[in-house]
Structures are given as C-alpha cells and as structure tokens.
Amino acid sequence: DIPPDQILHLNEALDGLANHDPTMAKLATMHCFGGLSIEQAAQALGLSSRTAYREWEFARAWLYREICGGEICGGEIRGGEAPCVPQAAH
C-alpha cells in the first residue's frame, strides 16, 4: 500500500506537470493510475511510441524531483505495473 502522504505528493506533482505539459501529465496518469502500458497510453493520446517513451522519461524525472525535492528519497521511481511514486524514505 502507498502511504496517503505520498499519494498527495504525487497528485500535487501531477498538477505541476499538467501546468508544464498537459499531454505529458495525461500520459503519466494513464500509465500510473489507469494501468495502461506506455504503448497503450500513446495510442489513446495519438502519440508515437517513441514520443511517449521520451515524454514518460521526462515525466518520471519531473515527478521524482517534485516529490523528493531534489533529494534522493529511498530509491528510484517504480515504473511498469507498480505505482509511479518513489519508495518510502528510510
């Protein structure tokens, strides 16, 4: 289970990402919360797979920086099927 404070931080980070690039935020939301693969989200958004993967890498870095405040906070962002938030700090 993801701690509620991490979900709140992720939501705030996604809002910031949406202000920067709404399509990138939709891609991240569809992948993290919708359970879609990057390819499926790309198709739904009308993006090429290559563009979607490039935008996903940027979005992951953005979310990590926003959630962790530029510090290392317990590891890497979990991708794939796992929730897209940093692991809890120890």
Side-chain angles (χ1 to χ4, degrees):
D1 290 332
I2 302 170
D5 64 323
Q6 280 193 353
I7 293 173
L8 179 61
H9 289 300
L10 177 58
N11 188 54
E12 291 170 353
L14 282 168
D15 287 345
L17 182 60
N19 289 331
H20 174 74
D21 188 317
T23 301
M24 199 177 291
K26 287 178 188 175
L27 176 73
T29 300
M30 293 170 87
H31 181 59
C32 294
F33 296 111
L36 297 181
S37 68
I38 296 299
E39 293 88 1
Q40 291 168 327
Q43 185 176 12
L45 293 170
L47 302 173
S48 71
S49 292
R50 185 175 181 148
T51 297
Y53 275 104
R54 186 176 52 248
E55 292 200 358
W56 169 237
E57 289 303 316
F58 183 93
R60 282 182 50 169
W62 175 285
L63 295 172
Y64 187 85
R65 186 193 71 209
E66 292 298 309
I67 292 168
C68 297
E71 299 176 11
I72 296 174
C73 59
E76 298 179 25
I77 293 177
R78 294 177 279 173
E81 297 175 23
C84 303
V85 296
Q87 297 174 359
H90 298 286

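Each residue takes its place number in the sequence, starting with 1.
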Taking all atoms of both residues into account, what is the closest heavy-atom pair of I38 and L27, and its distance? O-CD1, 4.4 Å

H9 side chain near I67 side chain, heavy-atom distance below 4.5 Å: yes

Between W62 and A13, which heavy-atom pair has the shortest distance, and what is it? NE1-O, 3.5 Å

Could you tell me which non-hydrogen atom of A25 sits nearest to which non-hydrogen atom of L17, and how far apart they are? CA-CD2, 3.9 Å

Under the side chain to side chain contact (heavy atoms under 4.5 Å, CB included) rule, what do L14 and F33 come out as? Steps first, then yes or no, please. CA-CA 11 Å; L14 282 168; F33 296 111; 3.5 Å; yes

In this structure, CE of M24 is separated from CZ of F58 (nearest 0.5 Å) by 5.0 Å

What are the two closest non-hydrogen atoms of E55 and L47, and how far apart are they? OE1-CD1, 4.3 Å

Search all heavy atoms of G35 against all heavy atoms of Q40 and return the closest pair with its distance. O-OE1, 4.3 Å

What's the separation between atom CD in Q43 and atom CE in M30, rounded to the nearest 0.5 Å? 10.0 Å

Counterpart residues, side chain to side chain contact (heavy atoms under 4.5 Å, CB included), relative to E39 (two or more places apart): S37, S49, Y53

